[in-house]
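Have a look at the structure below before the remarks.
When reading the values below, keep in mind they use all heavy atoms of this one structure, side chains included, and skip hydrogens, waters and symmetry mates.
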Amino acid sequence: MVAENQEDGLDKDHEDRGREDKKMTSFIDIKPVRNFGAQWFSAVMGTSALAISMFLASSRFTLLLTFAQIFLLLSIGMFLFFLILWAIRIIYHFEKVKKELHHPIIGNFFPTIPISLIVIGIALNSIGPTLFNSSLILVNTLLFIIGSLGVFIFGWLILSIIFVHKKIDLEHANYGWFIPPVSHLIIPVLGLSLINQYTNSTLADIVFIISIVAFGVGFLLFLFVGSIIYHRYIYHELPISRLAPTFMIGLAPTSIVTIILVKLAGAVKNVSFDIQPSLIVPMIKIISVMMWGFSAWWFILAVILLLHYLKNRDHPFVFGWWAYTFPLAAFTISNGAINHLLDYQLFENILQIFNILLLAVWIIVFFKTLKAVKKGKCFEEHK
């Protein structure tokens, strides 16, 4: 009798484990996990950048500080949740991930993962002190190190894949190609901010060198890749509708360069390379206005092309609409940065106007994403 009970117990345990294994297998094979692409992290980028924009705009409207804090916490939560799904996907669907990495369009969105870390670090650096009592310099330094490594690694990896890819065609070129190479520009935005907290230390010098190297890589590759895409848009038909939002990405590089220049003006006094702020700040003011001006010009061009799509082609919602958020946020933030440098009211007014526009765009894209997720449209397999 005892033996029979023991056998029954073993059978029951075996059945329970079988059901648990079956549930786990079912979970990892559902479409939201199986097809969870790296492009989802662009939503984290847009949300954390919105938090920074809200924080800058709160200098005039203090209520916006609460919104900045909420969006920062939301972006952190989104990143952690997405990272869990991404890790599961890598473990159980590695071949699909590898296939997407070699895709001439989708592969360019892989760097959004480390970029998200750096943008969250930038947001934490400014908004964090209003939320947490303890110093966040260690956290932000880790985000800087991990994010920078990720950006450099993906930059080398994806560009090498594109160079040796035998099926790359001119029609594949779009402003999403900016992400792997030009993503290096986001590194100095956080790095130069951290330097002000290290103050004349060896670590400050190291972070400064890394930041300036990344600045050089990102800016020169912006010129190289930008000319290729510019050529494609002139000598080939415009991309299909689902790639239309990528045109807004062209707004980001010079907007970020504007922010870098402003931060550079304040950071040079905290490194041991004998760079005199009085000698470079006047030139920084001129170049930052040039970069800002190109961003403003590009924004108008992007709107003109968006109207073209709305008038002459369909422009249904796709997850790529998140490409409207981060670049628009970068331009909005650049107005706050250049206002800090020049103290000119025009840029403060533009910051406030574009902050409202950015919030409206984010709300539209966010709720359209929720609706698409509910219908399962965000998890279709890419061809």
Side-chain angles (χ1 to χ4, degrees), residues 37-43 45-46 49 100 103-113 115-116 119 151 154-155 158-159 161-163 165 168-186 217-259 291-310 313 315 317-334 358 361 365 382:
Q39 66 272 13
W40 274 86
F41 288 88
S42 61
M45 292 171 53
E100 289 181 359
H103 193 283
I105 295 175
I106 303 169
N108 292 283
F109 288 88
F110 276 68
T112 58
I113 302 173
I115 295 172
S116 296
V119 180
V151 166
F154 275 122
I158 294 172
L159 285 180
I161 289 173
I162 290 176
F163 287 161
H165 205 299
I168 294 289
D169 198 353
L170 189 62
E171 67 181 32
H172 291 133
N174 66 86
Y175 282 96
W177 277 20
F178 267 166
I179 299 175
V182 184
S183 60
H184 294 75
L185 288 175
I186 202 67
V217 172
F219 185 73
L220 290 175
L221 287 176
F222 160 63
L223 299 179
F224 297 160
V225 178
S227 62
I228 295 172
I229 305 171
Y230 194 82
H231 176 274
R232 177 256 195 268
Y233 275 55
I234 291 178
Y235 293 103
H236 200 280
E237 63 179 353
L238 287 174
I240 56 178
S241 296
R242 66 185 179 88
L243 292 178
T246 62
F247 197 86
M248 190 65 75
I249 297 175
L251 185 67
T254 47
S255 295
I256 298 173
V257 169
T258 303
I259 300 168
M291 295 296 103
W292 175 89
F294 180 84
S295 300
W297 181 87
W298 191 272
F299 172 76
I300 296 173
L301 179 60
V303 171
I304 292 172
L305 284 176
L306 174 60
L307 293 175
H308 168 80
Y309 275 98
L310 292 174
R313 304 185 181 194
H315 189 41
F317 175 78
V318 292
F319 194 85
W321 275 34
W322 279 102
Y324 286 128
T325 59
F326 179 78
L328 187 59
F331 178 67
T332 306
I333 295 167
S334 72
L358 172 62
V361 170
V365 176
H382 297 285

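Here CD1 of Ile304 is found 11.5 Å from CH2 of Trp298. Values are rounded to the nearest 0.5 Å. Here the CD1 atom belonging to Ile158 is positioned 9.0 Å from the CD1 atom belonging to Ile179, to the nearest 0.5 angstrom. The CE atom of Met248 sits 10.0 Å away from atom CG of Leu301, with the distance rounded to the nearest 0.5 Å. Atom CD1 of residue Ile249 and atom CG of residue Leu328 lie 13.0 Å apart, to the nearest 0.5 angstrom. Interatomic distance, CZ of Phe110 versus CZ of Phe41, reported as 10.5 Å (0.5 Å rounding). Here Phe247 contributes atom CZ and Tyr324 contributes atom OH; the two are 11.0 Å apart, rounded to the nearest 0.5 Å.
Pairing each heavy atom of Pro245 with each of Gly320, the nearest pair is CB-O, 3.2 Å. Counting all heavy atoms, side chain and backbone alike, Ile113 lies closest to Ala38 at CD1-CB, 4.3 Å. Pairing each heavy atom of Met291 with each of Val257, the nearest pair is CG-CG1, 3.5 Å. Residue Met45 comes nearest to Ser116 through the heavy atom pair CG-OG, 3.5 Å, listed as atom of the first residue, atom of the second, then distance. The two atoms that bring Ala49 and Ile333 nearest to each other are O-CD1, 3.6 Å, heavy atoms only. Between Pro180 and Asn108, the closest heavy-atom pair is CG-OD1, 3.4 Å.
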Discussion item. Set out, in order, the CA-CA distance, both residues' side-chain angles and the distance that settles side chain to side chain contact (heavy atoms under 4.5 Å, CB included) for Ile256 and Val182, then state yes or no.
Written reply: CA-CA 10 Å; Ile256 298 173; Val182 184; over 6 Å; no

Fill in: Working for side chain to side chain contact (heavy atoms under 4.5 Å, CB included), residues Gln39 and Thr112
CA-CA 7 Å; Gln39 66 272 13; Thr112 58; 5.8 Å; no

Worksheet item: So Phe319 and Trp40, ring-ring contact (aromatic ring centres under 6.0 Å, His included) or not? Walk me through it.
Response: CA-CA 8 Å; Phe319 194 85; Trp40 274 86; 4.4 Å; yes

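Among residue pairs with one or both ends in residues 173-183, none qualify as side-chain hydrogen bond (donor to acceptor under 3.5 Å, both in side chains); sequence neighbours excluded. Listed by first and then second residue, the side-chain hydrogen bond (donor to acceptor under 3.5 Å, both in side chains) pairs that reach into residues 247-257 are Thr254-Ser295, Ser255-Ser295, sequence neighbours excluded.
In terms of the ring pair (Phe, Tyr, Trp, His ring centres under 6.0 Å) criterion, Phe219 has no residue partners (sequence neighbours excluded).
Ring pair Phe222/Phe178 is tilted by interplanar angle, where 30° to 60° counts as tilted.
Two residues are said to be in side-chain contact when any heavy atoms from C-beta on lie closer than 4.5 Å; Val119 and Phe326 meet this criterion. In this structure, the side chains of Leu159 and Leu221 come closer than 4.5 Å at one or more pairs of heavy atoms. Looking at Ile105 and Thr246, their side chains never come closer than 4.5 Å, going by heavy atoms from C-beta outward.
In terms of modelled atom types and a separation under 3.5 Å, the side chain of Trp321 and the main chain of Val361 share no donor-acceptor contact. With hydrogens and angles ignored, the 3.5 Å screen pairs a side-chain donor or acceptor of Arg232 with a backbone N or O of Ala173. Side-chain atoms of Thr258 come within 3.5 Å of backbone atoms of Trp292 as a donor-acceptor pair (strictly under, hydrogens ignored).
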